[in-house]
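Below, chain A is the first sequence line, B the second, and so on; all start at residue 1.
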Number of protein chains: 2
Amino acid sequence: MSVRERKKRQLAEREQSFLDQAWAMIQADGVLNLQMARLASACEYSVGTLYQHFSSKEDLLVALATRSVGERLELYQRASQWQAPSRHRMLAILLADVLIAQKAPEYFRLAQYVSTHTIWMAASGPRREAALEASQPLGAAVENIVKDAVQSGDVRLYGLSARELSAGLWAMCEGMHSLVSAAGLLEAHSVPRPFQLLMASANAWLNGQQWRPEVALDDVAQQNAVLLQIMDEVFVDFPKTACPVVALKDSD
Amino acid sequence: MSVRERKKRQLAEREQSFLDQAWAMIQADGVLNLQMARLASACEYSVGTLYQHFSSKEDLLVALATRSVGERLELYQRASQWQAPSRHRMLAILLADVLIAQKAPEYFRLAQYVSTHTIWMAASGPRREAALEASQPLGAAVENIVKDAVQSGDVRLYGLSARELSAGLWAMCEGMHSLVSAAGLLEAHSVPRPFQLLMASANAWLNGQQWRPEVALDDVAQQNAVLLQIMDEVFVDFPKTACPVVALKDSD
DNA sequence: ATGTTTTTTGAATCTCATTCATAATTGTCT
DNA sequence: AGACAATTATGAATGAGATTCAAAAAACAT
């Protein structure tokens, strides 16, 4: 019966190669220029075969976004498992997203594009299910931090669930990435260094939740120190120069 | 020379009628099903004429999003000019967006779709400029509140500009609307009543900024009271039943 | 070896956005 | 008014690309 298995595996492999290729093409030319026929022939298959895997282009895009959750998750889990105060771990989650946005701007663009009602609804039902399923571990990683925080008395839930509590920060993070990716918008509103602002704003939110240890809003040095510490201890493999979040007040 | 004037006016009127019709069609069938040819013939003009106004479909969508800023602005200005503590006025801004999202869900979907890198970049440069320009008054309305707040000692800027300070809340608001419009996402993460959560989270952020008068996080009754007051005094013309933000803890 | 089922193929189809040569209208000048 | 020029409007034709599906190939079963 291992024939069945092998078949299935080969199918899955082909699907991955389609996605690999699609990702490469998107990174090179942007989502708008991805063409199904081009993709198929780049993978040395026919369009028909491609359509056996994905019911439509949108379906493929959702699959792609789903798959690339993997890298994000890896960083989230590092943050979640880091031996440090819960508050610092929450900041590490935000920083993870910032680093990804730096490293692969197309990642967030794709995620944003795909979660648009228009595109989202054009994907197949099962594909959407899978995408939601894949995002669960991300939520779980954050939930894990929140639960630790509650347990150690760093924060109180006031009747909310851990997921609900973190949703505010989630929204802030998503929102800032959206604003950033709308070229010119933040500049037009005189908001430079959006990611630094995100971190500062997250600190305000955490303070507002009375998430210990609280940090003085004007103590930029301390806030930066934490971020540098995260870079040193959690995201060592990222160049510190690629971290656009430190130093909100002085220098550049 | 009034001939020139009349011409110009008629041109503008035609453009509006295109946008009116496009908006109606989008509300009925969604962005995905808007067809340029259909739109043109519904307006009793040829496609060519339509293309004299908009360089592409994306261009039209951006124009549409730009125009519908108007209604939003009207609500923002009410919030901005309301005679009430600055903190309440900030909440009124958020509530304005929630009310619009309730009344015309397609508004936020369109805005989100349009601010996608993919669509945004496919619009013409001047159109993008105009869109950014049109969003200025929204920013100004908020900025106005922040400045009042600073003046009356309700909040401190700590070296940020008024716009920068408000960007965190802006991101949170945008982000939550994005999350909401990705069907099933919040449900999958067990986050019901996102708008209530948004308001609660905004309160946390405001507290974190030490924005006076501070509010106890667990005092749901007081938080609700403020929202109801806003509905009563600022958004009287909206049915209170259409306000999905009150009562986070009990009832439904 | 032969028939049957499954997979793959890619040319043909279909849907639209976009263009542009032509027609219609408007404006100008005598 | 009529003749010529400039501007606008038209919609059939074009083009780009997603999607389909009848036919061919491959895999499988007997």
Item checked: NZ/NE/NH1/NH2 to OD/OE distance under 4.0 Å, Arg127(A) and Glu15(A) -> yes

Check: Between dT10(D) atom C1' and Gln52(B) atom CD, what is the distance in whole Å?
Finding: 10 Å

Notebook entry, point to check: Just how far, in rounded Å, is P of dT8(D) from OH of Tyr45(B)?
Noted result: 14 Å

Notebook entry, point to check: If you measure from the Lys or Arg side-chain nitrogens to the Asp or Glu carboxylate oxygens, is any gap between Arg78(A) and Glu74(A) under 4.0 Å?
Noted result: yes

Note to self: Check this one for me: any side-chain N or O of Ser46(A) less than 4.0 Å away from OP1 or OP2 of dG10(C)?
What the structure shows: no

Check: Any salt bridge between Arg38(A) and Asp29(A), counting N to O under 4.0 Å?
Finding: no

Margin query: Would you call the rings of Trp23(B) and Tyr107(B) parallel, tilted or perpendicular, taking 30° and 60° as the class edges?
Written below: perpendicular

Could you run down the sub-3.5 Å N/O contacts of the protein with nucleotides 24-26 of chain C?
| from | atom 1 | to | atom 2 | distance (Å) |
| --- | --- | --- | --- | --- |
| dT26(C) | O3' | Lys7(B) | NZ | 3.3 |

Notebook entry, point to check: Should Arg67(B) and Asp20(B) count as an ion pair when the cut-off is N to O under 4.0 Å?
Noted result: yes

Check: Does atom CD of Glu44(A) have more than 12 heavy-atom neighbours from other groups under 6.0 Å away?
Finding: no

Notebook entry, point to check: With a 6.0 Å cut-off on ring centres, are His53(A) and Tyr45(A) close enough?
Noted result: no

Next item on the list: Take the protein atom NE2 of His53(A) and the nucleotide atom P of dT7(C), then report the distance between them rounded to whole Å.
Entry: 11 Å

Check: Which whole-number value in Å describes the distance from Gln10(B) CD to dA9(D) P?
Finding: 10 Å

Next item on the list: Give a yes or no on whether a salt bridge exists between Asp59(A) and Arg128(A), defined as a side-chain N under 4.0 angstrom from a carboxylate O.
Entry: no

Checklist line | Whole angstrom value for the distance that separates P of dC20(C) from CG of Leu50(B) | finding: 17 Å

Item checked: Close side-chain approach of Val142(A) to Trp170(A), heavy-atom, < 4.5 Å -> no

Checklist line | Plane angle bin for Phe18(A) and Phe54(A) - parallel if under 30°, tilted between 30 and 60°, otherwise perpendicular | finding: perpendicular

Next item on the list: Mind running a 4.0 Å heavy-atom check of residues 11-27 of chain A against DNA chain C and sending the residues that fall below it, in number order?
Entry: Arg14(A)

Margin query: One thing to verify: whether Glu106(A) and Arg109(A) come together as a salt bridge, which I'm taking to mean a side-chain N less than 4.0 angstrom from a carboxylate O.
Written below: yes

Checklist line | Sequence-aligned protein contact record of nucleotides 13-25 of chain D, with B where the base is within under 4.0 Å of a protein heavy atom and S where only the sugar-phosphate is | finding: ----SSBB-----

Margin query: Could you tell me how far apart Leu39(B) (CG) and dG11(D) (C1') are, to the nearest whole angstrom?
Written below: 15 Å

Check: How many Å lie between CZ on Arg6(A) and P on dA27(D), as a whole number?
Finding: 9 Å

